[in-house]
Asks: 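Provided herewith is a single structure, encoded as structure tokens, for subsequent inquiry.
The shown structure was predicted, so the numbers you read here are calculated from the model rather than taken from an experiment.
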Number of protein chains: 2
Amino acid sequence: MELSCRTEYALLALLELAGHYPQQEPLQIKQIAAQQQIPERYLEQLLATLRRGGFVQSQRGAKGGYLLIQEPWKITLFDVVNCLEGTEHQKKEPLVETVESAVVEEIWQDVCGSVREVLKRYTLQDLSDKRDSRRQMNIMYYI
Amino acid sequence: MELSCRTEYALLALLELAGHYPQQEPLQIKQIAAQQQIPERYLEQLLATLRRGGFVQSQRGAKGGYLLIQEPWKITLFDVVNCLEGTEHQKKEPLVETVESAVVEEIWQDVCGSVREVLKRYTLQDLSDKRDSRRQMNIMYYI
DNA sequence: AGTATACCCCTATTCCCCACTGGGGTTTGC
DNA sequence: GCAAACCCCAGTGGGGAATAGGGGTATACT
């Protein structure tokens with residue numbers, strides 16, 4: 001498990017979509033990328049992953065784009081991380097396989113469980129709220 | 001923060017040393033490496049890090065080797081991880097620096113704090129005990 | 001004193017994965 | 001029909017982790 005750049009990007013994209021929820025018109029990759037400053041072609045792949053994960057729906061062709069199809073307050077951070085960091089492109093066999101390492105493995109599970117707990121506590125909605133308040137704070141700084 | 005191969009190796013080496021605690025004679029890299037199946041030259045570097053971290057003491061020259069200089073029940077997993085994954089060879093600036101990403105940053109701190117909590121709960125002694133009981137279980141399986 | 005042993009330090013080399021790019025296809029609205 | 005926009009798959013490159021190597025230094029033992 002890791003919180004890498006892909007997850008960061010995906011969260012930003014989801015936040016952008018959540019800002020328009022519920023949507024009538026789909027949002028395009030190009031717009032999301034520009035708004036959140038994410039490389040376009042890279043974001044394309046991440047959105048494909050999010051689509052397969054059931055978070056967004058795509059609409060092809062002209063005037064197409066992406067729609068958020070889950071309620072922002074029901075999407076936890078854990079869901080997103082799990083979708084992006086799990087399977088599909090993950091081949092790394094992290095640790096050596098010895099009898100002794102099984103001990104560390106057990107504790108590693110404990111750690112992972114704890115992380116999952118924390119991540120499950122935050123929803124996309126929470127993030128969206130925090131972003132807004134943070135922005136106000138930034139404005140206050142500048143005044 | 002990550003639990004990578006270096007940490008795994010270091011923990012195995014410390015466990016090996018803890019198995020002989022308190023030591024009269026130092027343990028040599030070659031022996032630890034053979035016992036725990038760790039590349040010798042790599043382990044050498046990790047032990048140097050552990051030495052600088054104050055976990056072990058080295059004795060140079062013939063009949064030299066390493067001595068554990070902290071009590072196994074006082075060394076927490078957090079201490080070890082912190083020693084190996086922190087500073088000294090860590091240049092990665094993980095995430096992009098935008099206003100929005102600060103939000104994720106905050107939650108990331110929350111996650112890290114939680115992980116630290118868990119890691120602080122385990123000492124080298126705990127690991128050593130677990131390993132022993134695990135071995136007994138393995139024997140039971142084979143009978 | 002000399003020699004073998006074993007740590008010490010610094011520097012390649014190898015390998016792999018993440019972040020990112022590119023090309024060519026297919027679907028859809030106008 | 002044509003342009004907009006998603007889709008899929010295959011590549012590139014930069015960096016870091018794991019590892020190997022060379023040459024140095026300290027120490028025990030004879």
Side-chain angles (χ1 to χ4, degrees), chain A residues 1-10 12-13 17 24-34 36-53 56-67 81 84-96 101, chain B residues 1-10 12-13 17 24-34 36-53 56-67 69 81 84-97 101:
Chain A
M1 161 127 39
E2 61 176 352
L3 274 190
S4 56
C5 193
R6 24 185 313 118
T7 308
E8 172 88 4
Y9 285 162
L12 292 175
L17 287 166
Q24 323 302 338
E25 308 266 302
L27 236 69
Q28 285 124 34
I29 291 181
K30 195 181 291 185
Q31 295 184 15
I32 301 175
Q36 302 286 348
Q37 302 184 56
I38 303 170
E40 215 171 308
R41 303 305 302 270
Y42 191 38
L43 179 59
E44 188 180 324
Q45 296 171 37
L46 302 182
L47 281 170
T49 304
L50 288 174
R51 178 173 52 79
R52 283 187 288 269
V56 298
Q57 197 175 28
S58 67
Q59 192 168 313
R60 303 182 66 171
K63 296 251 175 182
Y66 285 89
L67 299 153
V81 171
L84 282 154
E85 307 287 359
T87 63
E88 186 171 4
H89 65 98
Q90 191 155 350
K91 299 142 196 165
K92 56 174 157 179
E93 291 290 333
L95 303 178
V96 286
S101 87
Chain B
M1 161 130 36
E2 61 175 352
L3 274 190
S4 57
C5 192
R6 23 185 314 115
T7 307
E8 172 88 5
Y9 286 162
L12 292 176
L17 287 165
Q24 322 301 340
E25 307 265 302
L27 238 66
Q28 286 127 32
I29 291 181
K30 194 181 292 186
Q31 295 184 16
I32 301 176
Q36 300 288 348
Q37 303 185 55
I38 303 170
E40 214 172 308
R41 302 305 300 268
Y42 192 36
L43 179 58
E44 187 181 325
Q45 295 172 37
L46 301 182
L47 282 170
T49 304
L50 289 174
R51 178 172 55 77
R52 283 187 288 270
V56 298
Q57 197 176 27
S58 66
Q59 192 169 314
R60 303 182 64 171
K63 296 252 175 183
Y66 285 90
L67 298 153
I69 56 172
V81 172
L84 283 154
E85 308 287 357
T87 64
E88 188 170 6
H89 66 99
Q90 191 154 348
K91 297 139 200 174
K92 56 174 157 181
E93 291 290 333
L95 302 178
V96 287
E97 294 286 347
S101 86

Asks: Output the rounded distance in Å from NZ (A/K30) to C1' (D/dA3).
Replies: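 Interatomic distance, NZ of A/K30 to C1' of D/dA3: 11 Å.
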
Asks: Using whole Å, report how far CG of A/L43 lies from C1' of C/dC20.
Replies: 12 Å

Asks: Output all residues satisfying side-chain hydrogen bond (donor to acceptor under 3.5 Å, both in side chains) with A/E44, sequence neighbours left out; order by chain, then residue number.
Replies: A/R41

Asks: Show, in sequence, the C-alpha distance, side-chain angles and deciding distance for B/I29 and B/I32, and conclude whether the side chain to side chain contact (heavy atoms under 4.5 Å, CB included) test is met.
Replies: CA-CA 5 Å; B/I29 291 181; B/I32 301 176; 5.9 Å; no

Asks: Would you compute the distance between atom CG of A/L84 and atom CD of A/Q45 and round it to the nearest 0.5 angstrom?
Replies: 11.5 Å

Asks: Check the distance between D/dA18's C1' and B/R41's CZ and give it to me in whole angstrom.
Replies: 14 Å

Asks: Indicate whether OP1 or OP2 belonging to D/dG16 is found under 4.0 Å from a side-chain N or O atom of B/R6.
Replies: no

Asks: Does OP1 or OP2 of C/dC8 have a side-chain N or O of B/R52 closer than 4.0 Å?
Replies: no

Asks: If you compare all heavy atoms of B/Y66 against all heavy atoms of B/S58, which two are closest, and at what distance to 0.1 Å?
Replies: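 The pair with the smallest heavy-atom distance is CE2-CB, 3.6 Å.
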
Asks: Considering non-hydrogen atoms only, spot the tightest contact between A/L46 and A/Y9 and give its length.
Replies: CD1-CB, 3.5 Å

Asks: Please give, in whole Å, the distance from C/dT21 P to A/I38 CD1?
Replies: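 Roughly 13 Å, once rounded to whole Å.
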
Asks: Looking at the base of D/dC7, is there any donor atom on it, or on the side chain of A/Q45, that sits under 3.5 Å from an acceptor on the other one?
Replies: no

Asks: I need the OH-C1' distance between A/Y9 and C/dC18, as an integer number of Å.
Replies: 11 Å

Asks: Is a side-chain donor or acceptor of A/Q28 paired with a backbone partner of A/G64 at a separation under 3.5 angstrom?
Replies: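 A pair under 3.5 Å: yes.
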
Asks: Quick one: CG on B/L17 to CD on B/Q36, what's the gap to the nearest 0.5 Å?
Replies: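 The distance works out to 9.5 Å.
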
Asks: Quick one: which protein N/O atoms are closer than 3.5 Å to N/O atoms of nucleotides 27-30 of chain C? Pair and distance per line, please.
Replies:
| from | atom 1 | to | atom 2 | distance (Å) |
| --- | --- | --- | --- | --- |
| C/dT27 | O2 | A/G61 | N | 3.4 |
| C/dT28 | O2 | A/A62 | N | 3.2 |

Asks: Closer to the 5' end of DNA chain D via nearest nucleotide, is it B/E44 or A/L47?
Replies: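 Checking each residue's closest nucleotide, the 5'-ward one belongs to A/L47.
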
Asks: Grab the OH-P distance between A/Y42 and D/dG13 for me, whole Å please.
Replies: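 Going from A/Y42 (OH) to D/dG13 (P), I get 18 Å.
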
Asks: Do any side-chain nitrogens or oxygens of B/S58 fall under 4.0 Å of OP1 or OP2 in C/dC8?
Replies: yes

Asks: Quick one: is C/dC8 close enough that its OP1 or OP2 comes under 4.0 Å of any side-chain N or O from B/Y66?
Replies: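 Yes.
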
Asks: Check the distance between D/dT27's P and B/E25's CD and give it to me in whole angstrom.
Replies: 17 Å

